[in-house]
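All values below were derived from every heavy atom in this structure, side-chain atoms included, with hydrogens, water molecules and symmetry-related copies excluded. Keep in mind that what you see is a predicted model, and the values were worked out from it rather than measured.
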Amino acid sequence: MILSADGNVGDSYTFQINATNSSENLDGILLCTEKEFNLLVVTLDGGLYYDGKYTFNLNNVDQLSWNRDEDLTWSGGYRHRSHKVYNVQFGGIKTPCTWRATSASSDNAILIVCDVGTGFSYMQSYYQSGSSHEMSFVDTHGKRTPRNLDEDDLANGNQHILVFDVNTGKVIDFYSTLNIYYLSGGESASWTFH
């Protein structure tokens, strides 16, 4: 980065950089952090490279899917919960970070913002001996799933974020008010941007 207060550069100079990202088929730079000069670029075919390492392809939404199943059992009963995010509509990327949460962690994560049209489903099945079996497909926003995120889901600056671990190449978490564990306060997350 070269800065000038008045637009003048003075004497001539040579500028060199050791870049790990290839310039071949480069379509643009999505992100460049000032602190450590981390670079996230996209190629013409939709491939994303973070500091020279392939992460995922914007045109392959299956790679960005996420699901979490939980089964709790006790004497005479059980509860099953299932969350799924699929058909991800790319809404942007946050600065790479270190992610720490109750159920997932990464020292090298990219936060992917989900846009309108992203698929989401929730299911809860509950049974206790002596009572009826209960099933619900209604999410924390009070809407029946499976469904696509709509404008209401993004109202008032509300964001739904997938946490992509660059080291493993997988989505490891979903930070959202649609995730019952975060909404209820049963789990927490923290992050430090690089």
For the residue pair Tyr49 and Tyr54, categorise the inter-ring angle as parallel (less than 30°), tilted (30 to 60°) or perpendicular (more than 60°).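 Ring orientation, 0 to 90° scale: perpendicular.
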How are the rings of Trp191 and Tyr175 set to each other: parallel, tilted or perpendicular (split at 30° and 60°)?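 Trp191 and Tyr175: perpendicular rings.
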Close aromatic pair by centroid cut-off 6.0 Å: His160 and Phe120: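 For His160 and Phe120, the ring centres are not under 6.0 Å apart.
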Under the salt bridge (charged side-chain N to carboxylate O under 4.0 Å, His left out) rule, collect the residues that match up with Asp165, sequence neighbours excluded.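 Per chain and number, Asp165 pairs via salt bridge (charged side-chain N to carboxylate O under 4.0 Å, His left out) with no residue.
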With Asp107, which residues qualify under salt bridge (charged side-chain N to carboxylate O under 4.0 Å, His left out), at least two apart?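 Result, salt bridge (charged side-chain N to carboxylate O under 4.0 Å, His left out) vs Asp107: Arg100.
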Look at Asp152 together with Lys143 and state whether they make a salt bridge at an N to O cut-off of under 4.0 Å.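 So Asp152 pairs with Lys143 through a salt bridge.
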Between the side chains of Arg147 and Asp139, is the shortest nitrogen-to-carboxylate-oxygen separation below 4.0 Å, so that they form an ion pair?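 Salt bridge between Asp139 and Arg147, a charged N being under 4.0 Å from a carboxylate O: yes.
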Heavy-atom side-chain contact between Leu58 and Val42 under 4.5 Å: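 A side-chain contact under 4.5 Å exists here.
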Contact between Thr98 and Asn108 at the side-chain level, heavy atoms closer than 4.5 Å - yes or no?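 Answer no - side chains too far apart.
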Does anything in residues 167-188 form a salt bridge (Lys or Arg N to Asp or Glu O under 4.0 Å)? List the pairs, not counting sequence neighbours.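 As it turns out, the salt bridge (Lys or Arg N to Asp or Glu O under 4.0 Å) pairs with a partner in residues 167-188, which skip direct neighbours, are Arg68-Glu187.
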To which residues is [X] joined in a hydrophobic cluster, defined by side-chain heavy-atom contacts under 4.5 Å among Ile, Leu, Val, Met, Phe, Trp and Tyr, whether direct or through other members?
| X | result |
| --- | --- |
| Tyr86 | none |
| Met135 | Met123, Phe137 |
| Tyr78 | Tyr127 |

